[in-house]
*Asks:* 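This structure is in structure tokens; I'll ask about it shortly.
Here is how names work: the chains are called A, B, and so on, in the same order as the sequence lines, proteins then strands, and each is numbered from 1. Below, all heavy atoms of this structure are taken into account, side chains as well, without hydrogens, waters or symmetry copies. Please read all numbers here as calculations on a predicted model, not as lab measurements.
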Amino acid sequence: MSQPKNTATDQSKIMEKIVSLAKRKGFVYQSSEIYGGLNGCWDYGPLGVEMLNNLKRQWWKSMTYRENIEGIDASILMHPRVWEASGHVENFTDPMVDCKGCKSRYRLDVLFEDMSVKRKKEALREIEPGKFEGQIKDELVIEEFAKRVATDADAAKMVAVLSCPNCGNKGTFTEARKFNLMFKTFVGPVEDSSAVVFLRPETAQGIFVNFLNVQSAGRLKIPFGIAQIGKAFRNEINTKNFLFRTREFEQMEMQFFVKPGTDDEQFEYWRSERMKWFVGLGMKAEKLQWHQHPKDKLAHYAKDAYDIEYQFPFGWGEIEGVHNRTDFDLSRHEQYSGKSLKYFDEVTKEKFTPFVIETSAGASRSFMAFLVDAYSEEEAPSAEGVMETRVVLKLHPKLAPTKVAIFPLVNRDGMPEMATKIEADLRQHFRVFYDDSGAVGRRYRRQDEAGTPFCVTVDSQSLQDQTVTVRERDSMKQDRIAAAALRSYIAERLM
RNA sequence: GCGGGAGUAACUCAGUUGGUAGAGUCACAGCCUUCCAAGCUGUUGGUCGCGGGUUCGAGUCCCGUCUCCCGCUCCA
């Protein structure tokens, strides 16, 4: 009975409860559920899309309501050369093999790389008997080997004679399978190779290819940024953990173009800004941490890279990456397109390729992090004083899908009429919900589960003096205020 | 992709050696009710994930498949 094991079980129970609540209240449904679902795809329901839109709006405001950041919305389908320039065609394809003996999985290139020269020589002899006998220089072996494995046919032969580093068995590998993480489709009705395009695996490239367009249209001076929210697609080998690893997801990206040499300072600035954003929207600071990519494992384009990670019930998971992408992307697009993407500084008369500081947040992942972070179960006394479990989504009011619920305390004496009037009034300004069924306590709890921050109740005193009670979700405390002041009362708390 | 667990009403779950599918919650209609989920009456809702097979008869047994969860693997 180890502690971590119990914890893991409890944690997965929490995840199950959240998934169940998400479905029941209309936040998230499984995609194509009536057909048995589609692996790793999810739909946002009425409350979910409100919350997601709120989340994206908050991000958009925090990014583009600045003097030096503009927004765009680029096409999901892009010219296929874009993905050659970006490195995705080359690096997004990893041939993999599985060992049938011990069930280990390897990336083929890693497997080949880890082989000793001696083994490589043996492998060469096995696939071509007689040709590599006697003394051969190591350099020649390495060179020949690299040449062979570069071709699919010889690589396949090589796999057949390899032994598994884990269990030592020979010839137990499956055939190498390529996992191209980009979704391929065709432009036009004819499915031939000249018509192949990809669904973008990241939104960033839509920004890079528009760098000069946006810069000149907005007469922008370095440093400046371009922001974008949009869907991206990756054909993941396996999906996992609710919204965390899905094949279709949404990104909120801002690429900030800076003068080389100022990149380190800008990098630190944006790291700080992005962490503040999550905390500012109510995410628990102790559930957030930075993870720096080790220098030897940085992606091909990056000089430095940090991820913001959230502590999900299943462990720490990346919700945003802040990366210094250097001038890699612009240089590559310049090279592949033949168009100059350099920036000319009118003041210093300098011409240079800007460095890029990327802030790339997952909208779907952030949504899930905010949902998980808001979920709480607490003990609250019932009317009879018995302690009961209260499930409440403590969402920041800015993110909450419904801002106000309106109840008549009882359905008589003119209370419904007054409550309906308040509802109609507030509906012009906020997402509201009217509920007159069951005991008022039950109605409060229903709203707690949906994360509604405020509940307005019309009681008998309301009929006398035109005041109502406003009940706050987390504290369950009530304020009595004039019905006429409701709009500003709520608006203040959404600022 | 591998291994383990699971899938029965909108939700949480029962369902005996194979013999006419159930409960609670939710929802809806009405009654009652003056501030934190459990009162009363009634109603809707399921080809038991999907597809085969065995059988007189399958939620139950067998095979396949899909989806979710956990672990590994993967996550430029």
Side-chain angles (χ1 to χ4, degrees), chain A residues 5 8-9 11-13 15-17 19-26 29-42 83 86-94 96-107 109-110 166 174 177 179-182 201-202 234-242 244-245 293 297-302 305 307 313-315 317-318 380-386 388-392 407-413 415 437-449 455-463 468-471 473 476-478 480:
Chain A
K5 198 170 183 177
T9 308
Q11 298 294 326
S12 79
K13 284 245 167 62
M15 235 14 254
E16 280 169 29
K17 281 181 184 176
V19 173
S20 168
L21 175 74
K23 179 181 176 182
R24 189 157 37 85
K25 302 302 274 191
Y29 312 118
Q30 196 181 2
S31 164
S32 318
E33 192 186 10
I34 61 171
Y35 288 100
L38 181 64
N39 184 278
C41 292
W42 303 87
W83 308 111
S86 70
H88 285 84
V89 169
E90 188 184 350
N91 295 317
F92 240 46
T93 314
D94 293 323
M96 317 272 284
V97 291
D98 291 322
C99 172
K100 284 180 274 196
C102 65
K103 310 298 181 196
S104 312
R105 166 170 291 176
Y106 302 94
R107 258 170 59 184
D109 57 333
V110 173
N166 186 45
T174 58
R177 277 169 298 203
F179 293 95
N180 191 326
L181 295 182
M182 285 198 290
E202 65 175 23
R234 291 182 193 182
N235 204 354
E236 298 287 354
I237 294 164
N238 49 4
T239 58
K240 213 177 178 182
N241 294 326
F242 196 35
F244 189 77
R245 173 157 296 122
H293 293 208
K297 285 192 177 168
L298 285 173
H300 57 275
Y301 54 74
D307 294 338
F314 49 81
E318 177 193 352
S382 71
E384 291 81 31
V386 182
E388 289 171 336
T389 301
R390 182 172 86 112
V391 172
V392 46
F407 314 141
L409 186 58
V410 289
N411 290 308
R412 60 172 199 230
D413 303 336
M415 291 180 208
S437 79
V440 71
R442 179 189 297 269
R443 287 178 257 164
Y444 284 137
R445 296 298 170 84
R446 276 202 278 254
Q447 294 308 312
D448 289 341
E449 279 196 319
C455 292
V456 171
T457 302
V458 173
D459 58 14
S460 53
Q461 187 183 335
S462 308
L463 305 169
V468 293
T469 60
V470 182
R471 178 259 200 188
R473 180 194 61 205
M476 296 193 284
K477 294 219 170 74
Q478 292 181 309
R480 182 169 284 277

*Asks:* Quick check, are the ring centers of A:Phe314 and A:Phe244 under 6.0 angstrom apart?
*Replies:* yes
*Asks:* Suppose we call a contact any N or O donor and acceptor under 3.5 Å apart; does that hold for the side chain of A:Tyr444 and the base of B:C35?
*Replies:* yes
*Asks:* When the distance from CD of A:Gln447 to C1' of B:C35 is rounded to whole Å, what number comes out?
*Replies:* 15 Å
*Asks:* Report yes if at least one side-chain N or O of A:Arg445 is closer than 4.0 Å to OP1 or OP2 of B:A37; otherwise report no.
*Replies:* yes
*Asks:* Checking only heavy atoms, does the side chain of A:Thr469 share a donor-acceptor pair with the base of B:C35 at less than 3.5 Å?
*Replies:* yes
*Asks:* Would you say the base of B:C35 and the side-chain of A:Gln478 have a donor-acceptor pair closer than 3.5 Å?
*Replies:* yes
*Asks:* Over all strands shown, is A:Thr457 touching base, sugar-phosphate only, or nothing at heavy-atom distances under 4.0 angstrom?
*Replies:* base
*Asks:* If you measure only the distance, is there a donor-acceptor pair under 3.5 Å linking the side chains of A:Arg480 and A:Gln461?
*Replies:* yes
*Asks:* When you get a sec, tell me which of B:C68, B:C35, B:C11 is the closest nucleotide to the side chain of A:Asp459?
*Replies:* B:C35
*Asks:* Please confirm whether any donor atom in the side chain of A:Glu202 sits under 3.5 Å from an acceptor in the base of B:A76, or the reverse.
*Replies:* yes
*Asks:* Does B:C68 have OP1 or OP2 sitting under 4.0 Å from an N or O in the side chain of A:Asn39?
*Replies:* yes
*Asks:* Check whether the side chain of A:Arg471 and the base of B:C36 form a donor-acceptor pair under 3.5 Å.
*Replies:* yes
*Asks:* Rounding to an integer number of angstrom, what distance separates B:C50 and B:A9 when you compare their P atoms?
*Replies:* 10 Å
*Asks:* Centres of the A:Trp42 and A:Tyr29 rings: under 6.0 Å?
*Replies:* no
*Asks:* Any side-chain N or O of A:Lys23 less than 4.0 Å from the OP1 or OP2 oxygen of B:A10?
*Replies:* no
*Asks:* Hey, is A:Asp448 close enough to A:Arg390 for a salt bridge, meaning N to O under 4.0 Å?
*Replies:* yes
*Asks:* Name the residue closer to the 5' end of RNA chain B, choosing between A:Phe242 and A:Ile34 according to the nucleotide with the nearest heavy atom.
*Replies:* A:Ile34
